[in-house]
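To keep things clear, I will list the structure first and then write my remarks on it.
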Amino acid sequence: MSEEAVSDIIREILELKGEREAVILAHNYQRADVQEIADFRGDSLGLARLAASTDAKVIVFCGVFFMAETANILSPDKITLLPDLDAGCPLADTIRAEDVRKLREENPGVPVVTYVNSSAAVKAESDFCCTSGNAVEVVRSVSSERIIFTPDRNLGEYVRKATGKEIIAWDGCCPVHDRITADEIGELLDRHPGAVFVAHPECRPEVLRLAHEVASTEGIYGFANRTAAREIIVGSEEGMLFRLRRENPDKTFYFPPGGSLCPNMKLITLKKVLRSLRGLEPRVEVPEDTRVRALRAVERMISLG
Ligand code: SF4
């Protein structure tokens, strides 16, 4: 697409955004050009909070399906748009509501903590929701010493180590983070002896063992801003580079050479954002009974943010 065509698309997006009283939220893993036009960029928790507090009538969610669902759970009176309904999350898709019910039957009385990367139906079956940023805090705050944790096994293992509680983890994973190997990170550390390594807790335990810091996506930005190191190896999705470079122009960032790109996150494009604002669709609407049940777990996550 020519630069002129891109400018035309951006101009129309901005015009329509005003007319529709819309706000554009973009997850940190989105394409750089989509992040550029967003009103706010952030992680799941930050964007959920913004969705809850905005006065806008329309939320254009540039992220994946469960994120738009979470926005709708918190703001049912607003129109929630997801510019491409195929933008799903393979991690969220590993578990269904009936799987959670079965886990409860097998472990009577054990509370369920569910990572925000899950469907509204799964959240509705859970007692608490959490993000990668507050999973440890949420699990600590639950009075039980045994916890059912869904759907990410790597985050579950990280929480087990941090809290010392017995974690009954669902065997799901994020294919983007789970693919990162300790060998490739070890090679990067050998090649850049002055570099520090910061990793997302969706990475495997053997990768997290090499990390100087384990942090959520927002935590990774904070770490990159405050570390004195000039070279930083990032164990997370490559879309983070947009903000990392913008906030730290004097630092160099390395990502796993085997790739860490989430194709689902990249399905949202400027053209789709425009189409979505023009037609006010596709919309994401969580059925009211599911929404009300999921809201309780999500509100607990937000209050412990
Ligand atoms: S990066 Fe992983 S958890 Fe995030 S949307 Fe992609 S597959 Fe899901």
Side-chain angles (χ1 to χ4, degrees), residues 26-31 41-47 63-67 70 87-95 113-119 122 129-136 138-139 149-162 167 169-189 195-224 232-244 253-267:
H27 189 268
N28 295 316
Y29 298 169
Q30 287 289 292
R31 293 166 183 271
R41 291 160 282 275
D43 64 3
S44 309
L45 177 62
L47 295 179
V64 293
F65 194 82
F66 77 80
M67 296 178 181
T70 308
C89 168
L91 167 60
D93 292 345
T94 62
I95 187 163
V113 176
T114 289
Y115 188 28
V116 69
N117 296 28
S118 53
S119 68
V122 165
C129 220
C130 71
T131 66
S132 54
N134 70 7
V136 170
V138 169
V139 168
F149 191 91
T150 79
D152 191 284
R153 62 166 183 254
N154 292 336
L155 183 58
E157 174 61 12
Y158 174 70
V159 165
R160 186 191 67 75
K161 281 196 186 127
I167 301 291
W170 180 255
D171 192 17
C173 69
C174 160
V176 178
H177 289 88
D178 194 67
R179 193 221 54 77
I180 299 170
T181 65
D183 280 354
E184 64 184 336
I185 299 301
E187 276 171 32
L188 274 176
L189 285 164
V196 289
F197 173 45
V198 56
H200 192 282
E202 285 173 17
C203 293
R204 292 173 181 221
E206 64 268 26
V207 172
L208 297 185
R209 272 197 289 279
L210 298 175
H212 297 89
E213 179 101 346
V214 176
S216 65
T217 46
E218 275 310 307
I220 290 174
Y221 290 115
F223 175 79
I232 302 163
I233 299 164
V234 183
S236 191
E237 213 273 351
E238 294 167 27
M240 295 192 69
L241 196 54
F242 170 78
R243 249 180 85 189
L244 285 169
F253 297 94
Y254 305 103
F255 281 78
S260 60
L261 194 141
C262 175
N264 298 53
M265 282 280 182
K266 309 304 184 234
L267 283 176

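For clarity, every value in this text was computed on a predicted model and none was experimentally measured.
Using modelled atom types, one side-chain atom of H212 and one backbone atom of F197 make a donor-acceptor pair closer than 3.5 Å. Checking side-chain atoms of N28 against main-chain N and O of M240 turns up no donor-acceptor pair under 3.5 Å. Looking only at distances, a side-chain donor or acceptor of N134 sits under 3.5 Å from a matching main-chain atom of T131. Using modelled atom types, one side-chain atom of E184 and one backbone atom of G258 make a donor-acceptor pair closer than 3.5 Å.
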Any chance you could lay out the salt bridge (Lys or Arg N to Asp or Glu O under 4.0 Å) test for E157 and K161, step after step, and finish with the verdict? CA-CA 6 Å; E157 174 61 12; K161 281 196 186 127; 3.7 Å; yes
request  = Take F223 and V196 through the test side-chain contact (heavy atoms from CB on, under 4.5 Å) and record every step on the way to the result.
outcome  = CA-CA 10 Å; F223 175 79; V196 289; 3.7 Å; yes
For I232 and Y254: C-alpha separation, side-chain torsions, deciding distance, then whether side-chain contact (heavy atoms from CB on, under 4.5 Å) applies.
CA-CA 6 Å; I232 302 163; Y254 305 103; over 6 Å; no
task = Would you please test K266 and E238 for salt bridge (Lys or Arg N to Asp or Glu O under 4.0 Å) and show each step?
result = CA-CA 11 Å; K266 309 304 184 234; E238 294 167 27; over 6 Å; no
Please evaluate residues H177 and S260 with respect to the criterion side-chain hydrogen bond (donor to acceptor under 3.5 Å, both in side chains), reporting the C-alpha separation (whole Å), side-chain torsions for both, the decisive distance (0.1 Å), and the verdict. CA-CA 7 Å; H177 289 88; S260 60; over 6 Å; no
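Separating the CZ atom in R153 from the OG1 atom in T94 is a distance of 9.5 Å, to the nearest 0.5 Å. To the nearest 0.5 Å, atom CG of residue L210 and atom CD1 of residue I180 are 11.5 Å apart. Note that the OH atom of Y158 and the CD1 atom of I167 stand 13.0 Å from one another [nearest 0.5 Å]. With rounding to the nearest 0.5 angstrom, the OH atom of Y29 is 8.5 Å from the SG atom of C262. A distance of 6.0 Å separates CG of L155 from SG of C130, quoted to the nearest 0.5 Å. In this structure, OG1 on T150 lies 11.5 Å from OH on Y115, to the nearest 0.5 angstrom.
Inter-residue side-chain proximity for P151 and L91 is flagged as met; some heavy-atom pair is nearer than 4.5 Å. Within the 4.5 Å cutoff, side-chain heavy atoms of L47 are placed close to those of H27. Looking only at side-chain heavy atoms (C-beta outward), R179 and P256 come within less than 4.5 Å of each other. Taking 4.5 Å as the limit, some side-chain heavy atom of V234 sits within range of a side-chain heavy atom of L244. By the 4.5 Å heavy-atom criterion applied to side chains, C173 and E202 are not counted as neighbours.
Closest approach of S118 and F66 over heavy atoms only: O-CB, 3.2 Å. When all heavy atoms of C203 and N154 are compared, the closest pair comes out as O-CB, 3.3 Å. Minimum heavy-atom separation, P263 to L261: CD-O, 3.2 Å. Among all heavy-atom pairs drawn from F255 and S236, the shortest one is CD2-O, 3.5 Å. In this structure, P201 and S132 approach most closely via the heavy-atom pair CG-CB, 3.8 Å. In terms of heavy-atom proximity, A199 sits nearest to I220 at C-CD1, 4.4 Å.
Between F242 and the options R41, Q30, R31, a side-chain contact (heavy atoms from CB on, under 4.5 Å) holds for only R41.
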